[in-house]
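Notes to accompany the following structure.
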There are 2 protein chains.
Amino acid sequence: MATMHRMQTAGLELFYANGYYATSVDDILKKLSLSKGAFYYHFASKEDFFIQIIQNLLARKIYSVLIEPIEGHDNPLEQIVDCFEEALETAVHNDMDFGCVLNNFLTEFRGKDQKIMKHLCDIFSIWEVNLVSTLQKGKFNGYVDRHVDCEAAATYLISSYFGVRTLMVGTTPSARKYRFMSQLRVYLKSLEPRKVVA
Amino acid sequence: MATMHRMQTAGLELFYANGYYATSVDDILKKLSLSKGAFYYHFASKEDFFIQIIQNLLARKIYSVLIEPIEGHDNPLEQIVDCFEEALETAVHNDMDFGCVLNNFLTEFRGKDQKIMKHLCDIFSIWEVNLVSTLQKGKFNGYVDRHVDCEAAATYLISSYFGVRTLMVGTTPSARKYRFMSQLRVYLKSLEPRKVVA
DNA sequence: GGTTAATCCGACCGTTTGGTCTGTACAAAG
DNA sequence: CTTTGTACAGACCAAACGGTCGGATTAACC
């Protein structure tokens, strides 16, 4: 694997684990047994390094994990349950959950680094827009009730997903996952089409 | 106001705005035109300073804003709507929302400072326990359906509340608040007692 | 063999960090 | 007037930070 790619992979891991500001360039280099020269040969600055990680790694992962599995199928509500279920399962095993990564970075850079914030918001926006249109398509296909406000539903779904990751820090994350999923199903049930009253 | 109290107030503001690690002791002292001597006369360390802020300011505010307004009333579902509505309104005006503060710190210290994490989890736990017991009381009083899993509902409610604060960073926070509240009502509606089928 | 460009090393720099320590202004007590 | 303890000032420190720079290594090409 090329050095540049190794740096990005290790960088994302450490930034996710410790935060951007709390992770020094030396930390990353120490993990890979590399030197300052190697880093600043490939990247202009720490900020530039981070932005490349976002665009090369995070954006693609968000798409493949949170967008692609949902869009393109018939019943969006079922796909959402499966997708969240899978994402939270990786969270239970403490593997890197890219939805959580995005959430962490969004909170860390709020009101600080505008440039980085722009890139993060772009990624988030893509996810949101896709979720909304998928719900609207589900409405068209009869899987979502026609009275549902799809934009509001997307906001609520993403909110709950982002938030539950914060709750899964403490003890018994799998219990919290189970509780969350049960109520997610309750909420999604209310989006289903009303039975036609004969 | 005593110097010690002024430091804590200013400290919380800056920690909330910039994060714990990204805020230096000098930043706080500069804001109050004080010196290092004053700080380390009152506090043993930056960590000790932060813990005192958590216990003296954050814990009390969480109670008065998120716990007290919900408990003790008849219908918990109505109180939850009002309470979240009010909390998110302060968020729209960019004032300090203490639920958001707790969320930010929980994500910032995850897996880093165990000692601080313990204190934050304690505060969170109090909120969660209160919300669960309030829902259970609501079930007893006939405002919540008897089939509802109160622990799961509390988890879901807190998740969505924590998460929506992340979404309100970008543009049009008030629009996101409106969408969130509409779906919160949809969800809470599904917790109401089923009409007895005659 | 000599030249060139790519890749990486590691000493070094200025600044900032959390924290220490000596000193001092001052009010209350003797 | 002297003593004593409180409440702060600010110079100072070692460590860590992001970033620079001259040089070493290596392989490819003429």
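Every heavy atom of this structure was used, including side-chain atoms; hydrogens, water molecules and symmetry mates were not. Order of the sequence lines fixes the chain letters, A, B, ..., with proteins taken first and strands second; residue numbering starts at 1 for each chain.
The Y41(B) side chain lies nearest to dT6(D) when the options are dT6(D), dC9(C), dT7(C). With dT20(C), dA9(D), dT17(C) as the candidates, the nucleotide lying closest to the side chain of D27(B) is dT17(C). Ranking dA6(C), dT6(D), dG18(C) by closeness to the V25(B) side chain, first place goes to dG18(C). For S35(A), the listed nucleotide lying nearest its side chain is dG10(C); candidates were dG10(C), dG19(C), dA6(C).
Ion pairing of E85(B) with K177(B) is present here, as a side-chain N (NZ or NE/NH1/NH2) and a carboxylate O approach within less than 4.0 Å. Using a 4.0 Å cut-off between charged side-chain N and carboxylate O, R165(A) and D97(A) make a salt bridge. The existence of a salt bridge linking E128(B) and R176(A) is confirmed by a sub-4.0 Å separation between a basic side-chain nitrogen and an acidic carboxylate oxygen. Using a 4.0 Å cut-off between charged side-chain N and carboxylate O, K31(B) and D27(B) make no salt bridge.
For the pair Y40(B) and dT20(C), the criterion of a side-chain N or O lying under 4.0 Å from OP1 or OP2 is not met. Contact check, S24(B) against dT17(C): a side-chain N or O comes under 4.0 Å of OP1 or OP2. At the phosphate of dT6(D), neither OP1 nor OP2 sits under 4.0 Å from any side-chain N or O atom of H42(B).
The nearest whole Å value for the distance from the NZ atom in K30(B) to the C1' atom in dC8(D) is 20 Å. The separation between L29(B) atom CG and dG18(C) atom P is 10 Å, rounded to whole Å. Distance Y21(A) OH to dA16(D) C1': 18 Å, rounded to the nearest Å. One interatomic measurement links the two molecules: CG of D26(B) to P of dG10(D), which rounds to 13 Å at whole-angstrom precision. Atom CD1 of I28(A) is separated from atom C1' of dA16(D) by 15 Å (rounded to the nearest Å). We find that CG of L32(B) is positioned 17 Å from P of dA7(D), with the value rounded to whole Å.
Using a 4.0 Å heavy-atom cutoff across all strands shown, K36(B) reaches at least one base atom of the nucleic acid.
Taking the six-membered ring for Trp and thresholds of 30 and 60 degrees, F109(B) and Y21(B) have ring planes inclined between 30 and 60 degrees apart. A perpendicular orientation is assigned to the rings of F15(A) and F50(A), their planes being inclined by more than 60° (bins at 30° and 60°).
For residues 10-19 of chain A, proximity to DNA chain D is found at no residue, defined as any non-hydrogen atom under 4.0 angstrom from a strand atom.
For K46(A) and Y20(A), the positive end sits near the middle of the six-membered ring, less than 6.0 Å away and at most 45° from its axis.
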